[in-house]
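Below is one structure, written out as structure tokens; comments come after it.
Note that ligands are numbered from 1 as they come in the structure, with each ligand's atoms numbered from 1 the same way. Positions are given from 1, in the same order as the sequence printed here.
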Amino acid sequence: MHRRTKAAVLKLLLLLELHVLGTRGELREAFLTQATGQACQTVQVGEPWTSSSPIKCYLECMLFYPDTCQSIIYNSYTQNNCRSGSVAFRPMVMVITSIPETDSTDDILYARQPIPPCDTSGNFALYEICGTTVCLHLSSSLVNYTQAKANCAQMNSRLFIANSMVRLSVFWHVSRDYLNYNTWLGLTDISQEDTFVWDNGDLLSDEMDQYVWHTNQPNNDGDEDCMEARHSEVPSPRGINDDNCYQLKKYICEPYDAYDAK
Ligand SMILES: *[C@@H]1O[C@H](CO)[C@@H](O)[C@H](O)[C@H]1NC(C)=O
């Protein structure tokens with residue numbers, strides 16, 4: 001279904017349900033997942049307002065922000081208790097502007113995003129983080145960057161591209177939780193030093209440039225043109241690092257059509 005149509009249908013359903021059921025808890029369960037700032041966070045869109053229940057907050061959010069309302073932050077105990085958020089993601093230490101903070105009493109409620117096409121009978125599987133589902137192949141072997149890229153291409157896929165907050169969060173947490181080792185990301189400055197390009201040809205945006213890097217990285221220490229999440233060190237560094245492309249690491253592939261459907 002078209003996204004706009006889907007949002008409209010969802011809105012109608014919510015209105016009907018709201019009418020029939022009032023603001024009972026089970027209604028919330030059907031459409032929205034509730035979590036704390038420890039589990040999921042988001043980035044605020046627009047100004048906060050006052051709303052009498054989480055469901056009303058979400059409804060108003062969908063009316064005010066039909067294209068971007070993918071989560072809300074709600075707190076029954078404060079004024080201006082309702083905030084609209086963009087897509088939800090797992091907290092990352094390098095993103096300090098996200099809400100709710102891990103120790104706050106705010107709740108986050110997020111809507112599940114569309115599930116991409118995924119041939120789960122072969123090399124790929126679905127992974128869900130805070131309502132976002134991705135289709136991924138996680139490597140079992142350690143290979144250099146060129147080989148990782150070639151291995152993905154052989155499966156109609158490419159190295160994972162983390163060109164949004166939620167995709168960076170997916171990459172970070174999947175590589176840490178499932179691979180638990182240094183993992184190639186589809187980002188290099190091979191063509192021109194200090195010009196970082198995703199494997200689909202897009203430039204690293206200024207917005208993402210603020211978030212991706214580990215402290216004092218990238219430093220190009222000895223011609224390091226390929227980017228990784230480095231989980232082999234304890235404690236795990238907090239962002240992306242540049243390394244020599246010939247190093248051997250794990251990698252994550254995503255089918256072209258799953259990326260296109262995001
Ligand atoms: C990458 O690894 C492949 C073998 O998997 C090897 O043939 C190739 O020479 C390596 N490339 C670099 C740049 O190390």
Side-chain angles (χ1 to χ4, degrees), residues 92 94 116-127 129 134-164 167-206 208-209 211-262:
M92 290 176 285
M94 56 271 203
C118 192
D119 179 7
T120 55
S121 65
N123 295 313
F124 293 88
L126 290 166
Y127 297 83
I129 286 183
V134 286
C135 177
L136 303 175
H137 168 77
L138 310 189
S139 78
S140 45
S141 57
L142 301 175
V143 296
N144 63 35
Y145 187 86
T146 321
Q147 192 63 50
K149 207 170 148 164
N151 290 358
C152 290
Q154 240 174 23
M155 297 184 290
N156 263 321
S157 66
R158 68 162 89 80
L159 286 172
F160 192 79
I161 293 172
N163 57 356
S164 69
R167 292 178 64 80
L168 179 62
S169 161
V170 164
F171 177 74
W172 190 259
H173 290 289
V174 169
S175 63
R176 193 189 62 190
D177 298 349
Y178 294 88
L179 294 174
N180 194 21
Y181 193 70
N182 306 339
T183 307
W184 290 124
L185 179 62
L187 181 68
T188 71
D189 66 340
I190 292 172
S191 300
Q192 196 185 333
E193 186 54 39
D194 264 341
T195 299
F196 297 92
V197 185
W198 297 108
D199 272 3
N200 65 350
D202 289 351
L203 283 174
L204 176 68
S205 67
D206 290 344
M208 291 308 293
D209 192 46
Y211 297 117
V212 296
W213 304 115
H214 180 61
T215 318
N216 299 327
Q217 298 295 344
N219 64 357
N220 198 39
D221 180 16
D223 197 23
E224 300 176 321
D225 290 343
C226 294
M227 310 306 138
E228 62 158 349
R230 195 176 191 89
H231 298 299
S232 66
E233 279 161 26
V234 180
S236 209
R238 295 169 166 190
I240 301 302
N241 171 54
D242 57 344
D243 202 1
N244 302 117
C245 302
Y246 60 76
Q247 298 285 352
L248 306 182
K249 302 182 197 299
K250 293 193 174 175
Y251 56 95
I252 298 176
C253 312
E254 181 180 41
Y256 301 122
D257 60 348
Y259 176 84
D260 291 340
K262 76 183 189 303

| task | Would you tell me which option among Leu142, Asn244, Asn144 has the nearest heavy-atom contact to atom 8 (C) of ligand 1? | result | Asn144

| query | Does a side chain donor of either His231 or Ser175 reach within less than 3.5 Å of an acceptor in the other side chain? | reply | yes

| Residues two or more places apart in sequence or in another chain: which of them pass salt bridge (charged side-chain N to carboxylate O under 4.0 Å, His left out) with Asp243? | Arg230, Lys249

| query | Taking the six-membered ring of Phe160 as reference, does the NZ or CZ atom of Arg167 fall below 6.0 Å from its centre and within a 45° cone about the axis? | reply | yes

| Just distances here: any N/O of Gln147 and N/O of ligand 1 closer than 3.5 Å? | yes

| remark: Residues at least two apart in sequence or cross-chain that pass side-chain contact (heavy atoms from CB on, under 4.5 Å) with Thr146, listed by chain then number, are Asn144

| Given the protein's heavy atoms, is any one of them under 4.0 Å from atom 5 (O) of ligand 1? | yes

